[in-house]
Protein chains: 2
Amino acid sequence: MALSDRKKQILKAVVDDYVQTAEPVGSRAVVARLKTNVSSATVRNEMADLERMGYLEQPHTSAGRVPSHLGYRLYVDELMNHYSVAPTEIDQFVSTLTLRMGELDRLIAEAGRMVSELTSHPAIAVSPVAEEEAVRRFEVIQVDAETVVLVLVTTSDIIKNRICHLTFPLSDLEVSAANRALNAHFTNIPLEQLTDERITSAEYDAGADITELLIAAIDFASDVLNTVMQRDVYLEGASQILKYPEFHDPNKAMALLDCLSDRNALSLLPMPDSEHPVKIQIGAENKTSPLDNASIIMTSYHTARGAKGLLGVVGPTRMDYAKVAARLCHFAEELNHLLNHDTRR
Amino acid sequence: MALSDRKKQILKAVVDDYVQTAEPVGSRAVVARLKTNVSSATVRNEMADLERMGYLEQPHTSAGRVPSHLGYRLYVDELMNHYSVAPTEIDQFVSTLTLRMGELDRLIAEAGRMVSELTSHPAIAVSPVAEEEAVRRFEVIQVDAETVVLVLVTTSDIIKNRICHLTFPLSDLEVSAANRALNAHFTNIPLEQLTDERITSAEYDAGADITELLIAAIDFASDVLNTVMQRDVYLEGASQILKYPEFHDPNKAMALLDCLSDRNALSLLPMPDSEHPVKIQIGAENKTSPLDNASIIMTSYHTARGAKGLLGVVGPTRMDYAKVAARLCHFAEELNHLLNHDTRR
DNA sequence: ACTTAGCACTCAGAGGTATAGAGTGCTAAG
DNA sequence: CTTAGCACTCTATACCTCTGAGTGCTAAGT
C-alpha cells in the first residue's frame, strides 16, 4: 500500500528532525518543519497511521515519534535530499591522498582516515582485490648470503613482500635461477592450481639446490593470495562513534568497536553492486546484534586493473544519510580518478 | 624523608585494593588486607600522614583514600609484587606470531593485538628502526612496459615498495641498468647525503634515458627513510579502554583515543632506555592533558639488525602495574627471541 | 469525508528532601 | 604508641512531587 504524499512529507520531516536533535519528534515540531499549513492534530493522526504501518515508533506513550528501521529505509530509498559536496572538502581529500599515491596500502588507509574526518564518523576502508587474483611477477632479492626478500606483484598490482631466512648460503646464480623458475612456472596461475606438485617441474629447470627457496616462495604466494582474498581492513576514526549519544553507553560502544575491528564480522557488510553503487544497511537489517543501532554506508572504488575495494562509513541509525552518502560517493569517485587517471608521480 | 615500613605496607595495600575495586579505600579495607594486626584507627593516622606527604588523596572528606600519582610512582618503583606470567599465555603469544614471521609490519601489528588481548588494555606497537637507517638494497621490478615497482630493503630489514608509472616504456636492459646504478651508487648512504646531486654520477653510468626512473627511486628512498624515521604506529584493542570506569565518560575516552591515534602525540611517550628497560609513565607525569588519568607502560624490542621498536600498553592510572608490566616484559622478550633466534620460517 | 480545536490523560525527567552508611578526625584511656 | 569510642561529614540512594511535552479521542467546523 502506497503512502500518501503528505504522509511521506511527514515521515521525511520526522527523520530530518530526529537526525538533527536526537530527540523524539512531536507533532508540533513536524508542523514547524512542513511548508503546508496543517494543524498539529492532523499531523498527529497521520503519525498514528505511520506508526501503525511500521514507519515510526514511540519510545513511550507521551513522547514524540522516532523513525523505525522501515522508516529510515523508505527515507533513504525515496525521500532524502541529494546533497552536493563542497569543493574544498574534495580538494582536501584529493590533495592529502596525492601524497600517498604509489603506496597502495597507505593510500587506502589514508583515504579511510580522510573519509572519517570529513564525515565525522568512523570509516572502513578495504583494500582492493580482483575477481581472479594471481601472481603476476616474482622477485627474489638477496640481502645477504642466507637471507632473501621475496616480492610479488599480483594481477591487481598489490605488492607484498616477505623476508626469508634460509638454512644455507645462496649464490647470485642461484638467485637468478630461482627468479627465472618462479616467473616461468608460477605466474598467472590462479590460487587453486598453485599447489606443491608444480614444484617438481620447477626443480627440474632450476636445479634441486634451490628447492627450499622455491617452496618458501610458493608458500608465500599462496599465503598472499589467500590473505589478499581476505583483504586488508582499515578502521579509521573509531573514536568518532563516541560522539553520538546512542553510543554513550560504553558497553554498546565497545560492542560496536569490537565488531568493526573484527575482520570476520565485516563479511556481513552490504556489498555494493552495479545496481546499487551505494549500499546502505540500516540497523537490525544486519544480523549481528552489536550493529542494532548502527548503520553502514558502503561504496566501492576500483584500481586501474579492475580490482575492487570498499570504502564505508559507520554511524548510528540516526545518521544524516543524505550528507554522508553524498560525501562518501564523491570521495570514492575522486579515489577512482586518482587510481585510474593520474598515472604520473 | 623515608617512609616507615608500615607506611609503605599501607600505601601498597591502598594501591592493591584500589586497583581491584576502583573505589576509594577506607582504613578498614586496609586492615583486612594487611597481615599485621593493627587497628583501623592506627591505619587512619598513618593514612592521614601519607596524605600530608602527598602519596594519597581524598576525593571528599568522608571517603576513603586514593593513591596520588606520587603514590603510584612509589608503588611502581619499590612496592609492587613481581608477577610471573602463565606459560599458556606466552605460548599463545608465540604461536600466533610465528604465523606472521617474515612480514615484519604484520608481525608488529599482530604483536600489538596479542598484547592488547592478553593484558585487556589498548596496546601500542611501534615498528623498529635502527639508529642509522639507510637503503641496503634496491630492486626495480618491471610489471609492464611503463610500470615498475620499486622495492627497497633498509639497514634494519624493513622492506618498502612503491608502484611507479613512467611516461615512457622501459626495456629489460634499462631496468637492469637502473638496478645496477641504484645499487652501486645509492646504497648504504645515510639519508642526509641522499640528495639529487648524486643522480648526476648515476646518470653517467646508466645512460640518461632512465633518469626519470632514478629520480623516482631516489625520491622514494628518501621518502621511505624519512617515514621510517617517523615509524609505523599501530594502536590495537583501542576499545578496551571503555571497560574502565574512569573512561566511561565518552569525552574522556574520545580524547584519549584521539591522542593515541595521533602519531605525533606519541613522541611524548616515555622511551625505555638501557637503565629502565620498562618505562612507566603515570598520569599527569606526561604533559598532554587527555592522558591525565592514563598511564603508559612501554618497553622495547629489537630486530636481528639492532633496530629498536616499541611495545606498550595504555590504561587508567589505576592499573595493575605489576601484572601488566610483567606480561609486557615477557612478551617483548618473546618477540626478541622470535626476531633474533628463530631464523627458520 | 477530512480537518481542527479542545481536553483529559500519560509519562519521563527535573528537582527537592530524607535516610542510610561508609569513612573520617579527634579525644581520652590503655 | 595504639586503640576504642564517638561525633561529624558527606555521598549515594530512594522516594516523592511537579512540570511539561506530547498524545489520543471527541465533537464541532468546513
Side-chain angles (χ1 to χ4, degrees), chain A residues 1-11 13-18 20-68 71 245-246 248-249, chain B residues 3-11 13-18 20-68 71 245-246 248-249:
Chain A
M1 160 199 168
L3 272 70
S4 73
D5 207 55
R6 192 170 65 185
K7 281 201 174 59
K8 286 185 183 171
Q9 285 313 306
I10 290 176
L11 176 57
V14 171
V15 176
D16 284 337
D17 199 86
Y18 186 58
Q20 272 188 21
T21 64
E23 306 258 299
V25 183
S27 50
R28 306 195 43 170
V30 171
V31 171
R33 210 167 252 275
L34 286 178
K35 320 134 236 307
T36 55
N37 272 334
V38 284
S39 75
S40 61
T42 312
V43 172
R44 273 204 292 285
N45 287 330
E46 296 283 51
M47 280 165 81
D49 285 352
L50 284 167
E51 183 173 357
R52 237 166 281 130
M53 298 184 211
Y55 294 107
L56 293 179
E57 279 166 2
Q58 215 173 5
H60 54 265
T61 328
S62 73
R65 301 306 207 293
V66 161
S68 70
E246 27 276 275
H248 275 7
D249 173 359
Chain B
L3 271 69
S4 74
D5 208 54
R6 193 170 64 187
K7 281 201 174 59
K8 285 185 183 170
Q9 286 313 307
I10 290 175
L11 176 57
V14 171
V15 175
D16 285 337
D17 198 86
Y18 186 59
Q20 273 187 21
T21 63
E23 307 259 299
V25 184
S27 49
R28 304 195 44 169
V30 171
V31 171
R33 211 166 251 276
L34 287 179
K35 320 137 236 309
T36 54
N37 273 334
V38 284
S39 74
S40 62
T42 311
V43 172
R44 273 204 291 285
N45 288 329
E46 297 282 51
M47 281 164 81
D49 285 352
L50 284 168
E51 185 174 355
R52 236 165 284 130
M53 297 183 212
Y55 295 106
L56 294 179
E57 280 166 2
Q58 214 172 6
H60 53 265
T61 330
S62 73
R65 300 307 207 292
V66 161
S68 69
E246 28 277 272
H248 275 7
D249 173 358

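In what follows, chains carry the letters A, B, and so on, assigned in the order in which the sequence lines appear, proteins first and then strands, with residues in each chain numbered from 1.
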- line: In terms of heavy-atom contacts, A:Met47 and A:Gly26 come closest through CE-C, 4.4 Å

message: Rounding to an integer number of Å, can you tell me how far A:Arg44 CZ sits from D:dG22 C1'?
response: 8 Å

task: For the side chain of A:Met47, starting at C-beta, report the closest nucleotide among D:dT3, D:dG24, D:dT23.
output: D:dT23

- request: Just need the stems in DNA chain C: three or more back-to-back Watson-Crick or G-U pairs, each with both distances under 3.5 angstrom, sorted by first number.
  value: C:1-30 with D:1-30

task: Whole angstrom is fine here: how far is it from CG in B:Asn45 over to P in D:dT2?
output: 9 Å

task: Determine whether A:Tyr18 and A:Pro67 make a side-chain contact, defined as any pair of heavy atoms from C-beta on separated by less than 4.5 Å.
output: yes

- prompt: At what distance, to the nearest 0.5 angstrom, does CG of B:Leu50 lie from CG of B:Leu3?
  reply: 6.0 Å

task: Ignoring backbone atoms, establish whether A:Thr61 has a side-chain N or O less than 4.0 Å from OP1 or OP2 of D:dT23.
output: no

message: If we ignore hydrogens and angles and just use 3.5 Å, is the side chain of B:Gln58 paired with the main-chain N or O of B:Ala63 as donor and acceptor?
response: yes

message: Please report the distance, rounded to the nearest Å, between CG in B:Asn37 and C1' in D:dT2.
response: 13 Å

- request: Compare the minimum distances between each of C:dT4, C:dT24, C:dG6 and the side chain of A:Thr42, then state the nucleotide with the smallest one.
  value: C:dT4

task: Send over the distance from B:Arg52 CZ to C:dG25 P, rounded to a whole Å.
output: 8 Å

N/O donor-acceptor pair, side chain A:Ser62 with base C:dT10, under 3.5 angstrom: yes

query: Rounded to the nearest Å, what distance is computed from the CZ atom of residue B:Arg6 to the C1' atom of nucleotide D:dC1?
result: 8 Å

query: Under 4.0 angstrom, heavy atoms only, what part of the nucleic acid is A:Ser27 near: base, sugar-phosphate, or nothing?
result: sugar-phosphate

message: Can you work out whether B:Glu46 or A:Gln58 has the more 5'-proximal nearest nucleotide on DNA chain D?
response: B:Glu46

field: A:Pro59 or B:Ala41, whichever maps to the more 5' nucleotide of DNA chain C
entry: A:Pro59

query: Within this structure, what is the CZ-to-C1' distance between B:Arg65 and C:dT24, rounded to whole angstrom?
result: 7 Å

field: Sequence-distant partners of B:Ser39, side chain to side chain contact (heavy atoms under 4.5 Å, CB included), two or more places apart
entry: B:Ala41, B:Thr42

field: Nearest-Å distance for atom pair NE2/C1', residues A:His60 and C:dA12
entry: 5 Å

query: Separation of A:Leu34 atom CG from C:dT4 atom P, in whole Å?
result: 12 Å

Donor-acceptor contact present, side-chain B:Thr21 to main-chain B:Glu23, <3.5 Å: yes

- prompt: So, do B:Arg33 and B:Gln20 sit near enough that their side-chain heavy atoms are less than 4.5 Å apart?
  reply: yes

